[in-house]
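All ligand and atom numbering here is 1-based and tracks the order in the structure. Position 1 is the first residue of the sequence, and the numbers go up from there.
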Amino acid sequence: MTSEPKGAVSGAIRDRAFRLMMDLTDELRRVAAPTVEPPYEDLLEIVRGIREDIEALPEPLVSWTLISTMDEYEYAHPYDVAVFSIAAAMCMENVNRISDIGVGAFLHDIGMALINIPPTHIEGEGLSEDDILRYRSHPELGVKVLRQHPRISAFVKAIVSQHHERMDGTGFPRGFRGSDIHLYSRIVACADVYSSLLHKSYLYKTISPAEAVEYMMSLAGFELDKDVVRVMLSCVTPFPEGATVRLSTGELAVVSRISAGLLTRPTVRVVKKEGDSLIETSEEIDLCQPEHQTRLIVGIV
Ligand SMILES: [Fe+2]
Ligand SMILES: [Fe+2]
């Protein structure tokens, strides 16, 4: 028997967030105009719940949601971006408005519901030229949705409008650079890229979760704020607890414990395949220990 992946945040909060994002996206798609009011109070409550769950941990250490189909990406992605952003913001001294960051992270891609591009195109990849133009309008369309709600702050709107701006000026829609991009937008941008890389590693297997971490590090100081990348990689593990992984030795194992420090080297329990089932063995390996340094996790199964 192997355990299901579990995260720092309670399943009830996650399910509520998924439902809410699904309903909001469906409604926007049905109406096909930015006239739907986002459920601000519900989002605030969900953000508060996520924050309380993270605060209850010995250290802010969160993970991402393993999904089995690309359709689920549409609501798993904003949820993960919110969890990553809230956890990182809680570790940063100069961040006061964590609720705004959480709500902005949930709503960052809300404009995508108004353009007809399927979620199978993670972060705009594989699109025609026409599609790219429409894709690039989603931050501004998102802000139009938020205009319907008087209580949504300017910080949330900045997150939605700037989450694709990049520190080196290569982003869109305005090509802002450096500190012209609000810190909260830089936090959500970082979570957005990390989430899309991790989902890609799992669904398409074109990269490994460890390579997603490496890629994030390569963007630090160029496209992404290097301080935000450092904090985010210290509190978001690329290997969720309970996930089944393949080791470089060919063995299968389940992530049994993650701890702050080397997040790419958790403790795992080796499992054996018997028919269609995976049976846990008593062999537990702490990948941080020097005797296991040649063993790596090569992917999530
Ligand atoms: Fe986006
Ligand atoms: Fe996104």
K.L.:
What residues form a side chain to side chain donor-acceptor pair (under 3.5 Å) with Asp100, not counting sequence neighbours?
P.N.:
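With neighbours one apart ignored, the set is Arg97, Ser153.
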
K.L.:
Taking the six-membered ring for Trp, are Tyr73 and Tyr202 closer than 6.0 Å centroid to centroid?
P.N.:
no

K.L.:
His164: which N/O/S atom is nearest the Fe ion (ligand 1)?
P.N.:
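Sorting the N, O and S atoms of His164 by distance to the Fe ion (ligand 1) puts NE2 first.
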
K.L.:
Backbone N or O of Val270 within a donor-acceptor pair of the Glu283 side chain at under 3.5 Å?
P.N.:
no

K.L.:
Could you check which N/O/S atom of His138 is closest to the Fe ion (ligand 1)?
P.N.:
NE2

K.L.:
So does Asp192 have any N/O/S atom less than 2.8 Å away from the Fe ion (ligand 1)?
P.N.:
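So Asp192 does not count as coordinating the Fe ion (ligand 1).
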
K.L.:
Determine which of the N, O or S atoms in Asp109 is closest to the Fe ion (ligand 2) and give its atom name.
P.N.:
OD2

K.L.:
Nearest 0.5 angstrom please: Glu41 CD to Arg151 CZ, how far?
P.N.:
4.5 Å

K.L.:
For Thr249, give me all partners under side chain to side chain donor-acceptor pair (under 3.5 Å), at least two apart in sequence or on another chain.
P.N.:
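Here the qualifying residues are Glu251.
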
K.L.:
I'd like to know: is the Fe ion (ligand 1) within the 2.8 Å range of an N/O/S atom from His108, strictly under that distance?
P.N.:
no

